[in-house]
Number of protein chains: 2
Amino acid sequence: MVKVKKANTVVEGAREKILASAAQLFSEHGFNGVSVRDIAASAGVNSALVGYYFGGKQGLLAEVYMRHCTPLTQERARLLKSFSRDAQPTLEQILEAFIRPSLEVTTDEHGRSTFTRLRAILSGENSALLEQLVADNFDKSIRTFVTALAKCLPHLSREDILWRFHFLLGAVYYTGSGPHRIYALSHHHCDPSDPVATASEMIPFLAAGFRAPAADFPARSPKPKAVPAKR
Amino acid sequence: MVKVKKANTVVEGAREKILASAAQLFSEHGFNGVSVRDIAASAGVNSALVGYYFGGKQGLLAEVYMRHCTPLTQERARLLKSFSRDAQPTLEQILEAFIRPSLEVTTDEHGRSTFTRLRAILSGENSALLEQLVADNFDKSIRTFVTALAKCLPHLSREDILWRFHFLLGAVYYTGSGPHRIYALSHHHCDPSDPVATASEMIPFLAAGFRAPAADFPARSPKPKAVPAKR
DNA sequence: GTCTATAGAGCGATAGAC
DNA sequence: GTCTATCGCTCTATAGAC
């Protein structure tokens, strides 16, 4: 198996070093933007080991992806459960349980969530492999959260919930994908790489959106003319 | 110049065919996911012509990008102006002026907005070239809309506006980036490639989010309801 | 303007020594 | 397990014929 310790510093095996470097580089440049040689060089190992351990570049991506999925979905489920202990969770709590782990889990040394950025960047590259990975690893978790949201928002149809969840995913992914123009536009006052600040801005925004009245369906233009501010 | 007509069908020059194919393929697979040969083959021309007309693959991307920027920002500005004619535009109108062109302008034969997808997919690939293109082509337009939003939402600080605009961009980009899990999850009832349905769902959602009270800043957890829980 | 042909570099994968 | 060496392929870019 994996040797985890040697001498006084944590020295990983070549396999673990490859995984760490791959997660970092894939998340920065996407699958097609990085070569096996880049990853091996960054890990300080021979590039032939990628074939030995993972069977190739695609196998390496799949391993990186699945390696990070479990902690993320588990943390989401754990938070949701902790909020459901005494009573039905509030909308804000459900959103927090889904979003916060995305921003915090498996962060690198700069506090950035490598895995969220990885998912964001890969969601652009239209790979059949990735689509399968996403469906296999996330559909169950997403259904759980959609159900919790529906319970919390009985005035909405399931379609409305799904639309709004789609927009939520957009906000999360885009925040994870960086770089962010608002960082420059705000003169560095708004920093989407700060998970705490991001969550405290994102959750109230999304909660208000979810609480909006159901859109007239299908496909009518927004009619509120004189701003009947609801909530 | 460009020969636009020949016989009874519109026959473009090689240059135009390359641009059209490049826009389509870049938007589907990203910059690194497509080769110059792919583009040339799709356009039915010789691959050497990419070098002749655009100086290389990067030059081709820059041309595609800028070619689509002008109609998009112009349409946004036109809509915003038309809504500002008689009175101050409503929040919904500002959002519509920004979002609708993203979903509708320069659509391909299937109604998909090629250019929005292109921007979404490229926003992942961390290219210095792209970052420059984005800043050059969009900052001015974005400032206009942020200013209009600020006028409409005096209870919010400029930082709050920028955060919420960031989330809006996430929803738009993610919608443009496809493929969309909610399409399958909803049994094809929610179709983010339909611009009209998307706008009619997105605008009320985002409007409610923008109207939410300002988040306590910095970095406090959401307090509405009886939610003590937080970090 | 459009073609053929190819240079020159980099890619993923793997065979085989140790 | 880890290395060296290399195969076979694809890439971008360009030189030069027409």
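Letters A, B, ... are given to chains in the order of the sequence lines, protein chains preceding strands, and every chain is numbered from 1.
At whole-Å resolution of the value, CD in B/Glu16 and C1' in C/dT2 are 17 Å apart. Distance A/Lys17 NZ to D/dT2 P: 8 Å, rounded to the nearest Å. Between the NE2 atom of A/His29 and the P atom of C/dG10 there is a distance of 16 Å, given to the nearest Å. Atom CG in A/Leu49 sits about 13 Å away from atom C1' in C/dT14, given to the nearest Å. Atoms CZ (B/Arg15) and P (C/dG1) sit 10 Å apart, rounded to a whole Å. The nearest whole Å value for the distance from the CZ atom in A/Arg37 to the P atom in D/dC9 is 16 Å. The distance between atom CG of A/Leu25 and atom C1' of C/dC11, rounded to the nearest whole Å, is 16 Å. We find that CG of A/Asn46 is positioned 15 Å from P of C/dA15, with the value rounded to whole Å.
Between A/Ser35 and C/dG10 there is no side-chain N or O to OP1 or OP2 distance below 4.0 Å.
Counting all heavy atoms, side chain and backbone alike, B/Thr114 lies closest to B/Ala23 at CG2-O, 3.4 Å. Across B/Ser42 and B/Leu25, no two heavy atoms sit closer than the pair CB-CD1, 3.8 Å.
Of the candidate nucleotides C/dG12, C/dG1, D/dA15, C/dG1 has the atom nearest to the side chain of B/Tyr53. Each of C/dA15, D/dA13, C/dC3 was ranked by its minimum atom distance to the side chain of A/Ala48; first place goes to C/dA15.
Side-chain contact between B/Val146 and B/Arg158: present, with at least one pair of heavy atoms (C-beta onward) separated by less than 4.5 Å.
Of the inter-residue distances, the one linking A/Arg119 atom CZ with A/His68 atom NE2 reads 10.5 Å to the nearest 0.5 angstrom.
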